[in-house]
Amino acid sequence: MKKLAANLTADSATGIPWLSRFMIGPRLAACFLTIVIVMLAGNALLMWQFHQVSAEAQRLANVDQELIAVLRFQVSLRSFYTGLNELAQSEDKGRFLAGSDTLQKALVDDVNRTEVLFRSLPPRSSLRSEVLSAVASVQSSLPSELTAARALAGSGDWLALRLRLARQVRSVELLSSELVRDVDEDVTTERVDATVGITRAQNRMILIFLITGMCTFAIASTLGVGITRSITEPLNRLEVASQALAQGDLQFRVATRGKDELSRLGVVFNDMAGRLEDLYEGQRITEAKLRDNEKQLQQLIEFAPLHVFVVRPDGTGLYANRVVLDYHGATLEEWMEDEFSDRMMHSDDRKDYLAGLEKGFAGSAPFEIQARILRHDGEYRWFLSRYNPMHGERGSILRWYVARTDIEETKQETQRAQNENLALREEVNRTSAFEEILGSSEGIRKVLVEIARVAPSDSTVLILGETGTGKELVARAIHKQSKRALRAFVRVNCAAIPSSLISSELFGHEKGAFTGAVQRRLGRFEAANGGTIFLDEIGDLPAETQVALLRVLQEREFERVGSNQPIPIDVRILAATNRNLRADVAAGTFRQDLFYRLNVFPIQSPPLRERREDIALLVEYFIERYAAKTGKRIRNIKRSTLEIFQSYGWPGNIRELQNVVERAVLLCDGDTLSVDATWFKQETSAETPHSSVVLRGLGRLEPSSERELIETALSESGGRISGPSGAAAKLGIPRQTLESKMARLGIVKRN
């Protein structure tokens, strides 16, 4: 191919046109420069002739000015002497003298203007000197003549004056007439010469214009045709070659002649055609290989155990492999029908599937969708469809390639794993229920809802309830579901710490703060920094500790015992009590402001007697727990035992139930659990006649009788509620139950 192009160039080099030896740019520049030079020469000649015409025209204008000036001079002289003659005819001396001055001034002005005009004109003949001589004569004789005329007028010799003026008028007329005649002859001659000069210049201008135009046209035509042909002929050859190349004739070559750009372009074209021919041959071989590979790939896709299909950007089908068609039991035409895929979707999945398609087609990134698809035998199976876009050159999506995988077994395995996970969770819940909250009663569900609501926040929670109702479990559940679940949970039983040490226990102390403080000690609040502190039995805090705790709640800082340096703290406070804090506030034993600070979100832990439907679940758990510890296998519970559990008031709540079940498991010899009914009878006390009153009996009394009974017990115990000799022990009821009844009945404790 390259040898062919070289031969074409060598063969055509012997007949290179003259213009084709030069580049197109210099060629055009030389043509334009020649035309411009010819036009400039013609314009120069025209300007020269135009200058000649202008000079002759100026000559005519000057001649006319000379004639006008001489005529004005003649008129001024005649007007002067005519005016003097009229003044002399009036024989008025004063009028003559005044009028002569006016006439003299007018004549002098006209004479001066005539002199200035002729002196400014270019000298050509004796006419200029003749006029200037006449003007000078008038200027020199005028004063003497006016003096003589005024003298005659002053003497009153008017006749002599008129005769003198008559002689002067004739001489003036003779002088002006000769001057006008000479000027007229000269003007006529000059006019003829100027007209002839203008006519000749005009003729020469026309001739110059014609010659210049013809030369320019001839040069432009000659060079234009030659240059145009030297450009258009190679372009035509290139056009023919391009058309042949476009029609697929890769063997066509351009005949190149010359050394200009078009010749080089022809060489480049021939080289490009040769390269294209080589590329086309290589492409033909490659396409043959690709067709073979495409057949193999199509066969692979057709019989691969995978659903593969292609859709347009709007979701309509283009292609589906044999596996897809066999799964649906349809032909390709049926599969490509509108809404075919929608009909194959499970009704429960159709909405999500269409929404996922709409969202995916709106973007340009691959996406996945899961759905159940109907098989030809009527069975639905889970499939995972992966959509991958094919982009065009401009980034637009041309089609979507979809690979659909059967995930029915995976879904079933996942479901089985979930079921096993749920069962495992239930087992874990059963085995760890001692540390979690168990139950399904309305009261416990309410507690769980309140825990879920307050746990994510950092609000202070006050947990209320009788002893043994699981207040600490509620606090732990709040901590585990909070943002501080990974941090410390510190429990403090305020009732178990002596009042003299409670401040040190909570806030720590400095070395030497009190006797025995041999080193600095960090308090519970510092240990719980960033986490949660649970203050159990908050109602038993001494008054001075209540003040310090109030500062922690308000300022989020505290001071160690023996130090005045405030320490910032980030801790969530959970508090619990079995006391009636409102009654304590009313009695003055608990600070009102601290109560309101703690009572941000109160949670009431229900007693066991208010959640009897949970007793069976709790009993079952405790049986499993203690049976595993003792190595016993207890499968059944006597019906009478459950009835006893359900009917008993459980003043000790869950803790009492736990102890009873543990005792029953220890005493159980077989696989059936039973309890002795005598365990639930209240023992009487000989110390007080009211000790036989049990909780259930107290609960059945009228309010007035119940109030009287409680006040009597308080009086006998000296106002003490708890303790062996307290009113609660005398009445045979728990301390917290007595306090709640006192609050309900409005009974205030008095010492």
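- Side chains of N321 and V324 form a contact here, defined as non-hydrogen atoms less than 4.5 Å apart.
- Using a 3.5 Å distance cut-off with no hydrogens or angles, the side chains of T467 and N578 do pair a donor with an acceptor.
- The side-chain heavy atoms of F525 and V552, taken from C-beta on, include a pair separated by under 4.5 Å.
- Put simply, the side chain of V461 reaches to within 4.5 Å of the side chain of I603, judged on heavy atoms.
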* Begin with the C-alpha distance, continue with both residues' side-chain angles, and end with the deciding distance and a verdict on side-chain contact (heavy atoms from CB on, under 4.5 Å) for N636 and I634. => CA-CA 6 Å; N636 303 312; I634 300 176; over 6 Å; no
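- Two rings, from H328 and F340, have their centers less than 6.0 Å apart.
- Between R445 and E450 no salt bridge is recorded (no basic side-chain N to carboxylate O distance below 4.0 Å).
- For the residue pair Y626 and Q658, a side-chain donor N or O sits within less than 3.5 Å of a side-chain acceptor on the partner.
- No close placement of the H376 and Y327 rings is indicated, their centers lying 6.0 Å or farther apart.
- R372 places no side-chain N or O within donor-acceptor distance of the main-chain N or O of H346, the cut-off being under 3.5 Å.
- The local environment of CZ in R639 is sparse, with at most 12 non-hydrogen atoms from other residues, nucleotides or ligands closer than 6.0 Å.
- Counting only N and O atoms by type, the side chains of T532 and R484 include no donor and acceptor under 3.5 Å apart.
- Between the E537 side chain and the C494 main chain, no donor and acceptor come within less than 3.5 Å of each other.
- Atom SG of C668 is separated from atom NZ of K632 by 6.0 Å, given to the nearest 0.5 angstrom.
- Taking OG1 of T577 as the reference point, atom CG of L598 lies at 10.0 Å (rounded to 0.5 Å).
- Annotation: the span from H391 atom NE2 to N388 atom CG amounts to 9.5 Å, rounded to 0.5 Å.
- With hydrogens and angles disregarded, no donor-acceptor distance shorter than 3.5 Å links the side chain of W335 to the backbone of L318.
- Within the 4.5 Å cutoff, the side chain of N599 has no heavy atoms near those of the F601 side chain.
- Inter-residue side-chain proximity for K289 and T286 is flagged as unmet; no heavy-atom pair is nearer than 4.5 Å.
- Here the side chain of N529 pairs a donor or acceptor atom with the backbone of D570 at under 3.5 angstrom.
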* Walk me through it: do L618 and I654 pass the test side-chain contact (heavy atoms from CB on, under 4.5 Å)? => CA-CA 8 Å; L618 294 171; I654 298 176; 4.2 Å; yes
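- Residues V661 and L657 have side chains in contact (heavy-atom distance under 4.5 Å, counting atoms from C-beta outward).
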* List the steps, then state whether side-chain contact (heavy atoms from CB on, under 4.5 Å) holds for S457 with R572. => CA-CA 9 Å; S457 68; R572 183 180 189 178; 3.9 Å; yes
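- Contact detail for G317 and M336: the closest heavy-atom pair is O-CE, 3.5 Å.
- Between the D349 side chain and the D352 main chain, no donor and acceptor come within less than 3.5 Å of each other.
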* Is there a side-chain contact (heavy atoms from CB on, under 4.5 Å) between I533 and L574 once you walk through the steps? -> CA-CA 6 Å; I533 188 169; L574 305 178; over 6 Å; no
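- E466 and K471 are not joined by a salt bridge, as no carboxylate oxygen comes within less than 4.0 angstrom of a charged side-chain nitrogen.
- Using a 30° and 60° split on the angle between ring planes, H479 and F489 fall in the tilted class, from 30° to 60°.
- Using a cutoff of 4.0 Å between basic side-chain nitrogens and carboxylate oxygens, E442 and K446 are not scored as salt-bridged.
- Residue F622 holds its CZ atom at 9.5 Å from CG of L617, rounded to the nearest 0.5 Å.
- Ring orientation note: the planes of F367 and Y387 are close to parallel, at an angle under 30° on the 30°/60° scale.
- In this structure a side-chain-to-backbone donor-acceptor pair under 3.5 Å is missing from T672 to I637.
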* Could you walk me through whether E379 and R381 pass salt bridge (charged side-chain N to carboxylate O under 4.0 Å, His left out), step by step? => CA-CA 7 Å; E379 180 184 354; R381 296 183 65 85; 3.6 Å; yes
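- Between L325 atom CG and E333 atom CD the span is 9.0 Å, to the nearest 0.5 Å.
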* Asked: Are R312 and D314 close enough, and set up right, to give a salt bridge (charged side-chain N to carboxylate O under 4.0 Å, His left out), and what steps lead you there?
  -> CA-CA 5 Å; R312 297 184 180 89; D314 58 355; 5.5 Å; no
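- Salt-bridge formation is not detected for the pair R633/D671: no Lys NZ or Arg NE/NH1/NH2 atom is positioned less than 4.0 Å from an Asp or Glu carboxylate oxygen.
- Across all their heavy atoms, S459 and V454 have their closest contact at CB-CG2, 4.4 Å.
- Interatomic distance, CH2 of W679 versus CD1 of I644, reported as 9.5 Å (0.5 Å rounding).
- With hydrogens and angles disregarded, no donor-acceptor distance shorter than 3.5 Å links the side chain of E624 to the backbone of Y621.
- For the pair T469 (side chain) and G465 (backbone), a donor-acceptor distance under 3.5 Å is absent.
- Of all the heavy atoms in S482 and A455, the pair that sits closest is CB-O, 3.2 Å.
- Residues D614 and R611 meet the side-chain proximity criterion, which asks for heavy atoms closer than 4.5 Å.
- Among all heavy-atom pairs drawn from S674 and T641, the shortest one is CA-OG1, 3.2 Å.
- Put simply, the side chain of I573 does not reach to within 4.5 Å of the side chain of F534, judged on heavy atoms.
- Minimum heavy-atom separation, G443 to P606: C-CG, 4.0 Å.
- Other residues, nucleotides and ligands contribute only 12 or fewer heavy atoms inside 6.0 Å of the CZ atom of R487.
- The two residues P389 and S364 make their nearest non-hydrogen contact at CG-O, 3.5 Å.
- Side-chain polar atoms of Y648 and E656 form a donor-acceptor pair below 3.5 angstrom.
- Salt bridge R275/D278: absent, no basic N to carboxylate O contact under 4.0 Å.
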